[in-house]
Amino acid sequence: MPGMFFSANPKELKETDHSLLDDKTHKKRSKTFRMDVKAYLRSMIPHLEPGIKPSKSKDILSINEVMQWSQSLEKLLANQIGQDVFGNFLKSEFSEENIEFWLACEDYKKTESDLLHCKAEKIYKAFVHSDAAKQINIDFHTRESTARKIKAPTPTCFDEAQKLIYTLMEKDSYPRFLKSNMYLNLLNELQANSLK
């Protein structure tokens, strides 16, 4: 046909177009993710605990902090931003109730004795009760034991359930988090920024 040009091998052209498109799509997604990570890190500034000053560099997180998260779940959860990032990962897996319960238990342990009963009821209704909206995955025995303990609440009445949830996160979600794009891309982004 006049005015139309064809490649000697149309199949070759098609494959080239696909690889170019895939490469462009990958670069675009990478750039979008980097922008999302930067926006996320900027949003974390108001969430830093009082008294903790961000590092003097322009980054909120240091590469060393994020690398320490891979050493243990305990180190990840000891970091406020680590809790938030892991919480977002659990949200993506529809299991955010685990970290929410764990954090509620940590807060509960610091509660003044006259407020224990009220807080214990709230935590039990939110996470432990068999009809709880954010019911955690614990066995019947632990659920019943916790129900008995909150009748005369002490700072340790959720310890058994909290330990089970911690173990569940440690053995199940945490290893997946360390292999996730969310963690690896954050690590890569911070490494790239530290080289600038």
Side-chain angles (χ1 to χ4, degrees), residues 37 40-41 43-52 60-62 64-187:
V37 168
Y40 175 76
L41 291 175
S43 74
M44 285 297 102
I45 292 172
H47 300 289
L48 290 173
E49 290 182 20
I52 296 178
I60 297 164
L61 279 175
S62 73
N64 291 335
E65 285 176 298
V66 176
M67 288 175 77
Q68 284 179 7
W69 297 354
S70 67
Q71 293 174 4
S72 69
L73 178 60
E74 184 180 354
K75 288 194 178 190
L76 171 66
L77 295 177
N79 182 287
Q80 179 65 49
I81 298 174
Q83 290 173 13
D84 293 334
V85 173
F86 188 55
N88 283 334
F89 172 75
L90 291 179
K91 197 173 284 187
S92 76
E93 291 202 330
F94 305 101
S95 60
E96 67 269 20
E97 69 279 355
N98 292 329
I99 194 164
E100 289 176 13
F101 173 71
W102 187 86
L103 290 169
C105 291
E106 288 298 292
D107 178 62
Y108 175 78
K109 290 174 188 175
K110 301 170 193 163
T111 304
E112 294 177 23
S113 56
D114 57 329
L115 301 173
L116 282 176
H117 185 74
C118 180
K119 260 193 182 175
E121 282 289 322
K122 284 181 183 175
I123 294 171
Y124 180 79
K125 286 178 183 173
F127 300 103
V128 182
H129 192 273
S130 58
D131 293 332
K134 295 181 177 187
Q135 186 185 53
I136 53 171
N137 185 11
I138 56 174
D139 59 273
F140 176 79
H141 168 74
T142 306
R143 198 174 305 282
E144 291 299 306
S145 168
T146 305
R148 281 192 303 275
K149 289 175 185 173
I150 67 157
K151 289 178 182 170
T154 65
T156 61
C157 67
F158 290 104
D159 282 3
E160 185 182 2
Q162 185 186 20
K163 186 177 179 183
L164 284 175
I165 292 304
Y166 182 89
T167 303
L168 177 70
M169 290 191 296
E170 186 175 43
K171 294 191 184 308
D172 186 43
S173 307
Y174 175 64
R176 280 198 308 279
F177 169 72
L178 294 178
K179 294 175 185 172
S180 73
N181 287 337
M182 188 178 288
Y183 177 69
L184 295 175
N185 288 339
L186 176 60
L187 200 56

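Atom CE of residue Met169 and atom CG of residue Leu77 lie 5.5 Å apart, to the nearest 0.5 angstrom. Considering CD1 of Ile136 and CH2 of Trp102, their distance stands at 14.0 Å, rounded to 0.5 Å. Lys119 NZ to Asp114 CG: the interatomic distance, rounded to the nearest 0.5 Å, is 11.0 Å. Between the CG atom of Asp84 and the CD atom of Gln80 there is a distance of 5.0 Å, given to the nearest 0.5 Å. Interatomic distance, CD of Gln162 versus SG of Cys157, reported as 10.5 Å (0.5 Å rounding).
Each side-chain hydrogen bond (donor to acceptor under 3.5 Å, both in side chains) pair with one or both residues in residues 125-138, not counting sequence neighbours, appears once here: Glu100-Lys134. Applying the side-chain hydrogen bond (donor to acceptor under 3.5 Å, both in side chains) test to pairs two or more places apart or on separate chains, those with a residue in residues 166-175 are Asp172-Arg176.
Take Glu160 and apply the side-chain contact (heavy atoms from CB on, under 4.5 Å) test, not counting sequence neighbours, and it matches His141, Thr142, Ser145, Lys149. A search for salt bridge (charged side-chain N to carboxylate O under 4.0 Å, His left out) contacts involving Glu97 returns nothing, not counting sequence neighbours. Applying the side-chain hydrogen bond (donor to acceptor under 3.5 Å, both in side chains) criterion to Ser70, with sequence neighbours excluded, gives no partner residue. In terms of the side-chain contact (heavy atoms from CB on, under 4.5 Å) criterion, residue partners of Ala104 (sequence neighbours excluded) are, by chain and number, Ile123, Phe127.
Tyr183 and Trp69 have tilted rings, their planes meeting at an angle from 30° to 60° on a 0 to 90° scale.
Crowding of Glu112 atom CD: a count of heavy atoms from other residues, nucleotides or ligands under 6.0 Å not exceeding 12.
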